There are 2 protein chains.
Amino acid sequence: MNYKDSFREYLGKHGLKVTQQREVILDEFLAAGSHLSTEELYRAIREKNPHIGYATVHRTLKLLAESGLAAPRHFGDGHTRYECSSEEQHHDHLICTICGAIVEFENPGIERLQELVAAKHGFVIEQHRLEIYGRCAACLAGKGK
Amino acid sequence: MNYKDSFREYLGKHGLKVTQQREVILDEFLAAGSHLSTEELYRAIREKNPHIGYATVHRTLKLLAESGLAAPRHFGDGHTRYECSSEEQHHDHLICTICGAIVEFENPGIERLQELVAAKHGFVIEQHRLEIYGRCAACLAGKGK
DNA sequence: ACAAAAATTGATTTTCATTTTCAATAAAAA
DNA sequence: TTTTTATTGAAAATGAAAATCAATTTTTGT
Ligand SMILES: [Mn+2]
Ligand SMILES: [Mn+2]
Ligand SMILES: [Zn+2]
Ligand SMILES: [Zn+2]
């Protein structure tokens, strides 16, 4: 089942309605780059759909997050960013402090050690967040934007 | 050199003044528990020093962070929290999603793997943040507050 | 298809942590 | 001590996120 059907299913199961705005916003969310802020997605949508309001974009992103289709991220710039999460598996992020580039990575070894750390302290993990901040290759080479 | 002298040194080197308020706030910051929000520290200070304003507590915490004596943390509850950072070494956090308990841990294996991940993507690490959210032992046993 | 019921929309307002303002005050320099 | 400079704290401003509410759209019921 694809994103659009999953979203429709979630809406139906929660007594929510399938609206034109929600369809457009999901389409643009899937088409636009990942890790976009509400403001960024709103601007992208507004180009083709000037009638869709900021509040609706905001609410739909929260709805996508609640439905598990989008994942909110916080990289320290004061803006909540969202990325698709349904079909992708868990990953963490490398963030360039100069150009803002975001690189995703997965590391089973780190994941395993986290489980060991949690177990050692009697915790059962629900989620985790690992963000590595530094300078990306391009910026180190003086070629960052 | 202790915290108070380090702070005085930082102030002196930056053309800033050593004030009674800053001394009191640093004292309370060191005496109070770790991972306190500005609001929490302000309340603790106000009990003995009703004349110290919220803005001054806020500014002093930022100053402590700039000087490297305090480290700001964000655990997702919308409040910036601060902890001492000067003499302690790096650590990460386990946060209970039920009672809010915060457990600190260090794991050299995870740190090493992070360096490998960063190197693989051409990044030079400046800092990182690892937060593991889950249920603590007490809450799992039904004894959480 | 039509009417009634229920949810959504979007411009606007509100919230709330954080930051800034500014006249009075305190600290450091002369 | 006098002058200069920074700090203080009450209040106001800021800004991202969330809430409001009358108008509109979607869905349900007949
Ligand atoms: Mn990502
Ligand atoms: Mn800590
Ligand atoms: Zn870069
Ligand atoms: Zn707990």
Side-chain angles (χ1 to χ4, degrees), chain A residues 4 7-29 35-67 70-82, chain B residues 4 7-29 35-67 70-82:
Chain A
K4 301 195 71 167
F7 192 39
R8 290 198 189 98
E9 182 181 81
Y10 177 86
L11 293 174
K13 286 185 177 175
H14 290 77
L16 304 174
K17 294 173 177 174
V18 176
T19 65
Q20 293 185 336
Q21 288 90 336
R22 284 175 177 162
E23 299 262 317
V24 167
I25 293 168
L26 175 54
D27 285 343
E28 282 297 326
F29 173 67
H35 311 118
L36 256 61
S37 68
T38 307
E39 178 67 32
E40 288 166 348
L41 183 59
Y42 170 62
R43 287 185 194 168
I45 289 171
R46 199 171 48 174
E47 292 184 11
K48 293 183 178 179
N49 307 82
H51 54 93
I52 291 182
Y54 181 92
T56 303
V57 175
H58 170 262
R59 281 182 295 226
T60 302
L61 282 171
K62 292 205 76 180
L63 210 50
L64 287 169
E66 286 164 25
S67 73
R73 304 288 185 189
H74 297 273
F75 296 141
D77 66 349
H79 292 263
T80 301
R81 297 176 176 284
Y82 293 86
Chain B
K4 300 195 71 168
F7 192 38
R8 290 199 189 97
E9 181 181 82
Y10 177 85
L11 293 173
K13 286 185 178 176
H14 290 76
L16 305 174
K17 294 173 178 174
V18 176
T19 65
Q20 293 185 337
Q21 287 90 335
R22 284 174 177 164
E23 299 262 315
V24 167
I25 293 167
L26 176 54
D27 285 344
E28 283 295 327
F29 173 68
H35 311 116
L36 257 60
S37 67
T38 307
E39 178 68 31
E40 288 166 348
L41 183 60
Y42 169 63
R43 286 185 193 168
I45 289 171
R46 199 171 47 175
E47 292 184 12
K48 293 183 178 179
N49 307 82
H51 54 94
I52 292 183
Y54 182 92
T56 303
V57 174
H58 170 262
R59 282 183 293 226
T60 302
L61 281 171
K62 292 204 76 178
L63 210 49
L64 287 169
E66 285 165 24
S67 74
R73 305 288 186 189
H74 298 274
F75 295 141
D77 66 349
H79 292 262
T80 301
R81 298 176 176 283
Y82 293 85

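Just so it is clear: chains get the letters A, B, ... in the order the sequence lines come, proteins before strands, and each one is counted from 1. In this text, all values refer to a predicted model and were calculated from it rather than measured experimentally.
In this structure Arg8(A) satisfies the salt bridge (Lys or Arg N to Asp or Glu O under 4.0 Å) test together with Asp5(A), Glu23(A), sequence neighbours excluded. Thr19(A) meets the side-chain contact (heavy atoms from CB on, under 4.5 Å) test with Lys17(A), Gln21(A), Arg22(A); sequence neighbours excluded. Annotation: side-chain hydrogen bond (donor to acceptor under 3.5 Å, both in side chains) contacts of Asp27(A) (sequence neighbours excluded): Lys4(A). Arg43(B) is linked by a salt bridge (Lys or Arg N to Asp or Glu O under 4.0 Å) to Glu39(B), counting only residues two or more places apart in sequence or in another chain. Not a single side-chain contact (heavy atoms from CB on, under 4.5 Å) links Gln20(B) to another residue, sequence neighbours left out.
Nucleotides of DNA chain D lying under 4.0 Å from heavy atoms of chain B occupy a range whose first and last members, 5' to 3', are dT5(D) to dA10(D).
Heavy atoms only, all atoms of each residue included: Ser37(A) and Arg81(A) are closest at N-NH1, 3.7 Å. In this structure, Glu40(A) and His35(A) approach most closely via the heavy-atom pair OE1-O, 4.1 Å. Nearest heavy-atom pair across Ala44(A) and Glu28(A) is O-OE1, 4.3 Å. When every heavy atom of His14(A) is checked against every heavy atom of Tyr10(A), the shortest pair comes out as ND1-O, 2.8 Å.
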Verdict with reasoning, Leu61(B) to Tyr42(B), per side-chain contact (heavy atoms from CB on, under 4.5 Å): CA-CA 10 Å; Leu61(B) 281 171; Tyr42(B) 169 63; over 6 Å; no
Stepwise side-chain contact (heavy atoms from CB on, under 4.5 Å) check, Leu64(B) with Phe29(B): CA-CA 10 Å; Leu64(B) 287 169; Phe29(B) 173 68; 4.0 Å; yes
Intermediate values then yes/no, side-chain contact (heavy atoms from CB on, under 4.5 Å), Asn49(B) and Ile25(B): CA-CA 10 Å; Asn49(B) 307 82; Ile25(B) 293 167; over 6 Å; no
Step-by-step side-chain contact (heavy atoms from CB on, under 4.5 Å) determination, Thr80(B) to His74(B): CA-CA 5 Å; Thr80(B) 301; His74(B) 298 274; 3.0 Å; yes
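For the contact set between residues 46-64 of chain A and DNA chain D, defined by any heavy atom under 4.0 Å, the members are Ala55(A), His58(A), Arg59(A), Lys62(A). The stretch residues 8-16 of chain A touches DNA chain C through Gly15(A), Leu16(A), each having a heavy atom within less than 4.0 Å of the strand.
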Return all side-chain donor-acceptor pairs below 3.5 angstrom for residues 51-58 of chain B, not counting sequence neighbours, or 'none' if the list is empty.
none

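Mapping Tyr42(A) and Arg81(B) onto DNA chain C by nearest heavy atom places Tyr42(A) closer to the 5' end of the strand.
Contact annotation for Thr80(A): backbone-only contact, meaning every heavy-atom pair under 4.0 Å involves sugar-phosphate atoms and none involves a base.
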For nucleotides 23-27 of chain C, which of its nitrogen or oxygen atoms have a protein nitrogen or oxygen under 3.5 Å away, and what is each distance?
from, atom 1, to, atom 2, distance (Å)
dA27(C), N3, Lys17(B), NZ, 3.2

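The stretch residues 46-67 of chain B participates, sequence neighbours left out, in no salt bridge (Lys or Arg N to Asp or Glu O under 4.0 Å) pair at all.
Summarising the geometry, the separation between CZ on Phe75(B) and P on dA17(C) is reported as 18 Å, rounded to the nearest angstrom.
Overall bending of the helix from dA1(C)-dT30(D) to dA30(C)-dT1(D), expressed as the angle between end axes built from five pairs apiece, is 30° (10° steps).
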